[in-house]
Amino acid sequence: VQILSYLGGVVKVEETDLKPRMGFLYHISTHNISMFINATREQDSGQYMCSVNVVDDTIRLDKNVGVINLTVLVPPAAPTCQLHGSAIVGANVTLSCSSKKGKPSPMYQWQREPPTLQVFFPPAQDRARGTLKLTNLSLEMSGVYVCRAENQAGSKNCSIVLEV
């Protein structure tokens, strides 16, 4: 879909959802045809192609076209923390954490808050799935557990109180 053109001295912005958010970065007379997109959205991700055709010039596809892939990163949405199982002495429980948004998909990190700070590692913690398995519960394992959902665009937390 063509989104922006300059032909015969006229700049034309096509009717797309990009129209109010894009344009040429510099005046066309500078011969720099860089474009901008403001207020990027996830759906702006995709392949963009620039084609330059000069009047009376031989059109060679390999020289007249530039292609760039745009990936719009999306920070994770605030995750939801849940407890699965019964928090009784000697039992096993799983804490889960999931975020509905995020590009790329967020990784998750669980930790127990002070006064008994504790960081968890595999196999107890699955960073991709957002789960933390706590086995053979004891009273001392009670506390506040925080999950951080994180990707290159940002991070968000949720927490859960475990009362054994």
Side-chain angles (χ1 to χ4, degrees), residues 1-5 13-26 32-51 62 65-164:
V1 175
Q2 188 169 24
I3 56 174
L4 181 63
S5 64
V13 182
E14 300 296 330
E15 293 294 331
T16 66
D17 66 332
L18 283 168
K19 184 174 183 173
R21 304 182 288 122
M22 53 127 2
F24 286 112
L25 193 55
Y26 304 102
N32 183 332
I33 57 170
S34 299
M35 64 169 279
F36 67 86
I37 300 175
N38 289 330
T40 53
R41 303 173 186 160
E42 185 176 2
Q43 58 265 32
D44 295 337
S45 295
Q47 191 173 72
Y48 289 79
M49 181 173 68
C50 172
S51 174
D62 60 335
V65 175
V67 175
I68 190 167
N69 290 306
L70 174 67
T71 301
V72 178
L73 302 180
V74 178
T80 302
C81 287
Q82 291 182 310
L83 168 69
H84 306 276
S86 299
I88 51 179
V89 172
N92 300 335
V93 296
T94 300
L95 305 182
S96 69
C97 178
S98 64
S99 180
K100 291 193 187 308
K101 276 189 183 176
K103 188 176 181 181
S105 294
M107 294 297 280
Y108 301 95
Q109 176 69 51
W110 280 98
Q111 81 173 34
R112 185 173 166 194
E113 290 292 276
T116 314
L117 178 63
Q118 187 176 4
V119 178
F120 300 96
F121 302 94
Q125 175 174 238
D126 184 327
R127 293 204 64 209
R129 287 195 174 101
T131 57
L132 174 64
K133 292 182 177 161
L134 301 174
T135 57
N136 193 18
L137 291 178
S138 65
L139 294 174
E140 294 76 29
M141 294 170 83
S142 296
V144 178
Y145 290 76
V146 175
C147 173
R148 183 176 76 242
E150 182 175 41
N151 67 13
Q152 294 96 313
S155 67
K156 286 281 194 320
N157 295 342
C158 66
S159 63
I160 194 162
V161 176
L162 177 66
E163 291 183 36
V164 181

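- The nearest pair of heavy atoms linking G85 to V93 is C-CG1, 4.0 Å.
- Taking a 6.0 Å sphere around CG of L117, one finds it holds more than 12 heavy atoms contributed by other residues, nucleotides or ligands.
- Residues passing the side chain to side chain donor-acceptor pair (under 3.5 Å) test with Q125: none are found, sequence neighbours excluded.
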Could you pull out all donor-acceptor pairs under 3.5 Å where a side-chain atom in residues 156-164 meets a protein atom, sequence neighbours excluded?
none

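- Shown here for Y145 and F120, the closest heavy-atom pair between the two residues is CE2-CZ, 3.7 Å.
- Screening residues 121-135 for salt bridge (charged side-chain N to carboxylate O under 4.0 Å, His left out), with sequence neighbours left out, gives D126-R129.
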key: Derivation of the side chain to side chain contact (heavy atoms under 4.5 Å, CB included) call for L95 and L83   = CA-CA 5 Å; L95 305 182; L83 168 69; 3.5 Å; yes
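- Considering CG of L137 and CG of N92, their distance stands at 7.0 Å, rounded to 0.5 Å.
- For the atom pair OH (Y108) and OG (S99), the distance works out to 5.0 Å, reported to the nearest 0.5 Å.
- Distance check: L134 CG to T94 OG1 gives 7.5 Å after rounding to the nearest 0.5 Å.
- Among pairs with a residue in residues 32-42, those fulfilling salt bridge (charged side-chain N to carboxylate O under 4.0 Å, His left out) read D17-R41, at least two apart in sequence or across chains.
- Put simply, CD on Q109 and CD on Q111 are 7.0 Å apart, with the number rounded to the nearest 0.5 Å.
- Pairing each heavy atom of I33 with each of C50, the nearest pair is CD1-SG, 3.3 Å.
- When all heavy atoms of N136 and G90 are compared, the pair lying nearest together is OD1-CA, 3.5 Å.
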task = Test side chain to side chain contact (heavy atoms under 4.5 Å, CB included) on M35 and I37 and set out the steps.
result = CA-CA 7 Å; M35 64 169 279; I37 300 175; 3.6 Å; yes
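- Within the structure, the disulfide bond (SG atoms under 2.5 Å apart) test picks out the following pairs touching residues 110-156 (sequence neighbours left out): C97-C147.
- In this structure, Q43 CD and L18 CG are separated by 9.0 Å, a value rounded to the nearest 0.5 Å.
- Judged as a salt bridge (Lys or Arg N to Asp or Glu O under 4.0 Å), and not counting sequence neighbours, E140 has no contacts.
- What you find for A153 and V74 is that their closest heavy atoms are CB-C, 3.7 Å.
- Scanning for side chain to side chain donor-acceptor pair (under 3.5 Å) contacts around E14 gives an empty result, with sequence neighbours left out.
- By the side chain to side chain donor-acceptor pair (under 3.5 Å) test, E15 pairs with K19, sequence neighbours left out.
- Taking 4.5 Å as the limit, some side-chain heavy atom of P104 sits within range of a side-chain heavy atom of L73.
- To the nearest 0.5 Å, atom CE of residue M141 and atom OG1 of residue T116 are 11.5 Å apart.
- Screening residues 71-89 for side-chain hydrogen bond (donor to acceptor under 3.5 Å, both in side chains), with sequence neighbours left out, gives H84-S96.
- Applying the salt bridge (charged side-chain N to carboxylate O under 4.0 Å, His left out) definition to pairs two or more places apart or across chains, none involves residues 88-109.
- For residues 144-153, the salt bridge (charged side-chain N to carboxylate O under 4.0 Å, His left out) pairs, not counting sequence neighbours, are R148-E150.
- For S34, the side chain to side chain donor-acceptor pair (under 3.5 Å) test picks out N32, with sequence neighbours left out.
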